[in-house]
2 protein chains.
Amino acid sequence: MAAASIKEVARHAGVSLGTVSNVLNRPNRVAPATRQRVLDAIAELGYVRNDSARQLRAGRSRTIAIVVLDVANPFFTDVVRGAEQVVEEAGAMLVVCSSGEDRARERRHLELLEEQRVRGVLITPVGLGSQPHLQRLNSRGIPVVLVDRGSGGASCCSVAVDDVLGGRLAMDHLLAQGHRRIAYLGGPFSIPQVADRHAGAAAALAAYGEPGELRVAATDTLTVSAGRRAAAELVSLPLRQRPTAVFCANDLIALGVLQELTTRGLRVPDDIAIVGYDDIEFAGAAAVPLSSVRQPREQLGRTAAQLLMEEAEGGATHRHRHVVFQPQLVVRHSSDRPRR
Amino acid sequence: MAAASIKEVARHAGVSLGTVSNVLNRPNRVAPATRQRVLDAIAELGYVRNDSARQLRAGRSRTIAIVVLDVANPFFTDVVRGAEQVVEEAGAMLVVCSSGEDRARERRHLELLEEQRVRGVLITPVGLGSQPHLQRLNSRGIPVVLVDRGSGGASCCSVAVDDVLGGRLAMDHLLAQGHRRIAYLGGPFSIPQVADRHAGAAAALAAYGEPGELRVAATDTLTVSAGRRAAAELVSLPLRQRPTAVFCANDLIALGVLQELTTRGLRVPDDIAIVGYDDIEFAGAAAVPLSSVRQPREQLGRTAAQLLMEEAEGGATHRHRHVVFQPQLVVRHSSDRPRR
DNA sequence: CAAGCTGCATGAAACGATTCAGAAGGGGGT
DNA sequence: ACCCCCTTCTGAATCGTTTCATGCAGCTTG
């Protein structure tokens with residue numbers, strides 16, 4: 001019942017504390033016969049290491065944390081899967097925390113993680129306001145890797161996809177399809193990805209030579225229901241102001257828009273074309289298969305975790321690195337040239 | 001740099017160890033002036049509690065774990081969200097582990113969690129083989145709540161949705177739409193949900209009075225790509241053996257089937273009708289809006305977490321409870337009566 | 001004024017694992 | 001017989017907290 005300690009195992013096997021510890025950590029330093037006796041005792045007592053004690057002594061834990069904006073977003077679940085592979089290979093444990101795009105929750109999580117002396121943190125920060133807390137972790141010797149978030153200075157490693165380029169790809173495509181009144185749906189703009197994708201789109205429009213309009217409809221979160229609400233507003237615009245295409249900050253928003261437009265009897269892409277972002281697995285299976293900007297999600301997670309492990313082992317010799325992946329536009333039917 | 005300990009804080013503030021600890025844990029037992037001095041010292045040194053030491057002393061941690069079959073499955077992410085609410089309200093931390101439907105991974109996770117002396121475990125076990133490990137946790141005083149998994153004996157609390165009923169609802173619907181050659185897609189059957197939903201479907205067919213066929217196409221996992229593969233096989237059957245409707249063990253499979261059938265030029269529901277399970281958010285936004293059996297996902301998570309907290313606090317007085325929710329069939333277009 | 005409180009602060013004793021200097025015993029070499 | 005080395009094992013010290021018995025003032029109370 002009461003969890004057996006190493007001490008009881010030692011007594012049971014007729015050896016000392018240190019010997020049991022050796023069996024556990026450096027089995028080859030112990031004579032086979034003794035080792036077996038200890039192992040038997042462990043089995044008999046149902047002994048299980050107490051990780052708290054072990055960590056206390058070691059000064060740090062074997063768990064890595066990943067703090068994402070939203071656990072329910074398929075983009076992040078794929079990133080998590082990628083990271084998981086690498087972390088588990090290294091014999092560590094990955095814990096997933098969700099900030100829900102909420103600064104306070106993010107802060108609370110980081111505090112708890114610091115109390116737990118985690119080995120490292122992978123994070124997609126809610127905004128730039130997180131910088132000080134991350135700095136603090138770093139100064140404590142806890143490596144931090146920014147996920148899907150450019151440099152942020154040279155203060156830590158980062159893994160990102162070029163969101164400005166992604167925005168440009170999407171916008172260029174819509175312009176080429178003949179659209180001139182285009183809306184960008186997404187938010188909050190405090191999330192860097194949201195801002196960058198918009199910046200890319202705006203740059204593409206500016207570079208295009210012909211006049212056009214990029215209206216912004218900010219949402220307060222990046223979810224399907226936020227997309228539905230934004231679409232409802234869009235539709236209520238007078239017809240001549242209503243955009244003929246929307247570029248959404250992520251696929252969840254895009255799917256919400258698609259749903260809302262469809263239930264209101266508007267046709268996609270004929271009345272309004274849509275381009276999403278992330279190319280989540282469901283994008284291709286949508287009512288109208290969604291054009292979307294694809295990101296290498298699992299690879300993002302894998303690479304981030306690798307950088308982290310590298311920094312955690314490397315120690316002093318470590319140099320921060322910034323890996324940037326290129327996004328890729330996947331054209332499906334939601335952005336087909338409208339028949340008019 | 002080096003993490004300051006409570007001892008250094010004490011020295012800095014000119015008080016004893018115990019006083020600092022009191023400021024941290026029972027502030028009102030300390031005279032305001034002293035308290036302030038300690039708080040200043042804490043701020044100045046950037047002291048952060050060492051959770052390992054605290055746990056070691058306390059004998060248990062403040063984290064709760066949830067072990068799901070697949071982090072990327074929207075069903076589970078919603079369950080997680082529900083559980084998160086309750087757990088965080090109680091001031092604890094939820095860590096998410098994914099077994100990936102793999103027994104070995106599940107076992108490894110449970111072992112690590114046991115080493116960490118977690119406060120409790122919410123789990124959707126891969127199969128019945130997990131029973132002994134859960135028993136063991138329980139006998140160690142770590143409460144376990146089974147999620148989305150019926151009783152499993154009276155050895156722990158459980159929260160579930162009546163999967164047999166869900167299977168029956170789906171099957172009754174398909175039979176009522178005139179289908180007689182129906183396939184059940186899903187697997188592995190070692191996952192109880194998969195087996196129960198099938199059992200419900202089989203029972204419904206048996207009870208229907210008219211002859212009909214329920215062919216089983218087992219998949220090795222519950223993902224979109226497994227659904228695609230299963231559909232490909234189905235289509236390769238000679239026409240007169242090919243089912244006119246499929247009931248899928250979850251929506252991911254169903255979406256995969258829908259995708260594969262569509263790319264192969266088969267029409268849903270006219271050539272083959274589909275009913276899914278879970279009614280995830282994407283089901284309604286699919287190419288053909290998916291009929292599906294809805295489960296109260298977040299509530300499942302919330303209730304499970306509540307039962308767990310209750311058991312963790314309640315101690316000896318606790319009585320295991322088994323909460324069962326009723327599923328509900330949501331009919332959309334993927335199971336419309338075929339026009340022939 | 002002694003006795004008994006109350007309020008605050010103290011510091012030693014856990015918690016359970018790891019580590020490390022050193023003891024014990026057994027060979028081998030001279 | 002002696003010395004030294006090697007393998008194997010020992011047990012005390014340590015990590016940072018929490019808790020608890022204890023000490024010490026300064027009050028009230030009879």
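Just so you know, these numbers come straight off a predicted model, no measurement behind them. Only heavy atoms go into these numbers, but all of them, side chains included; no hydrogens, no water, no symmetry mates. So you know, we letter chains A, B, ... as the sequences are listed, proteins then strands, and number each from 1.
At whole-Å resolution of the value, CZ in A:Arg117 and P in C:dA17 are 21 Å apart. The distance from atom CG of A:Leu45 to atom P of C:dG16 is 14 Å, rounded to the nearest whole Å. Taking atom CD of A:Gln55 as the reference point, atom C1' of C:dG16 lies 13 Å away to the nearest angstrom. Taking atom OH of A:Tyr47 as the reference point, atom C1' of C:dT18 lies 10 Å away to the nearest angstrom. Rounded to an integer number of Å, the gap from A:Leu56 CG to D:dT14 P is 14 Å. Per the geometry, CZ belonging to A:Arg60 stands 14 Å off P belonging to C:dT18, to the nearest Å. At whole-Å resolution of the value, NZ in B:Lys7 and C1' in C:dA12 are 12 Å apart. Following rounding to the nearest Å, B:Leu24 (CG) and D:dT17 (C1') show an atom-to-atom distance of 10 Å.
Listed in residue order, the members of residues 30-43 of chain B having a heavy atom less than 4.0 Å from DNA chain C are B:Val30, B:Ala31, B:Thr34.
In this structure, B:Thr19 reaches the C:dT10 phosphate: one of its side-chain N or O atoms is under 4.0 Å from OP1 or OP2. In terms of phosphate contacts, B:Arg29 brings no side-chain nitrogen or oxygen within less than 4.0 Å of OP1 or OP2 of C:dC8. Note on A:Ser5: every side-chain N or O is 4.0 Å or more away from OP1 and OP2 of C:dG16.
A donor and an acceptor atom, one from each side chain of A:Ser99 and A:Glu106, are nowhere located under 3.5 Å apart.
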Output a table of nitrogen or oxygen pairs between the protein and nucleotides 19-27 of chain D separated by less than 3.5 Å.
unit_1: D:dT19; atom_1: O4'; unit_2: B:Arg57; atom_2: NH1; d: 3.3

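The listed nucleotides are C:dT18, D:dT18, D:dC15; the one nearest the side chain of A:Arg54 is C:dT18.
A distance-only check finds a donor-acceptor pair linking the side chain of B:Thr303 to the backbone of B:Gln299 [under 3.5 Å].
Ring centroids of A:His320 and A:His318 are separated by less than 6.0 Å, placing the two rings close together.
Atom CZ of B:Arg136 sits in a crowded spot, with more than 12 heavy atoms from other residues, nucleotides or ligands closer than 6.0 Å. At most 12 non-hydrogen atoms from other residues, nucleotides or ligands lie less than 6.0 angstrom from CZ of A:Arg321. The number of heavy-atom neighbours closer than 6.0 Å to CZ of B:Arg105, taken from other residues, nucleotides and ligands shown, is above 12.
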Evaluate the criterion salt bridge (Lys or Arg N to Asp or Glu O under 4.0 Å) for residue pair B:Arg37 and B:Asp40; output intermediate values, then yes/no. CA-CA 5 Å; B:Arg37 222 155 12 106; B:Asp40 289 346; over 6 Å; no
Evaluate the side chain to side chain donor-acceptor pair (under 3.5 Å) criterion for residues B:Asp148 and B:Gln193: first the C-alpha distance (whole Å), next the side-chain angles of each, then the deciding distance (0.1 Å), finally the verdict. CA-CA 8 Å; B:Asp148 197 30; B:Gln193 288 87 331; 3.0 Å; yes
Result block: side-chain N/O donor-acceptor pairs under 3.5 angstrom for residues 117-128 of chain A, not counting sequence neighbours:
unit_1: A:Arg117; atom_1: NH1; unit_2: A:Glu114; atom_2: O; d: 3.0
unit_1: A:Arg117; atom_1: NH1; unit_2: B:Arg49; atom_2: O; d: 3.1
unit_1: A:Arg117; atom_1: NH2; unit_2: B:Val48; atom_2: O; d: 2.9
unit_1: A:Thr124; atom_1: OG1; unit_2: A:Val147; atom_2: O; d: 3.1

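When each of A:Arg49 and B:Gly14 is assigned the nucleotide of DNA chain C bearing its nearest heavy atom, the one mapping closer to the 5' terminus is B:Gly14.
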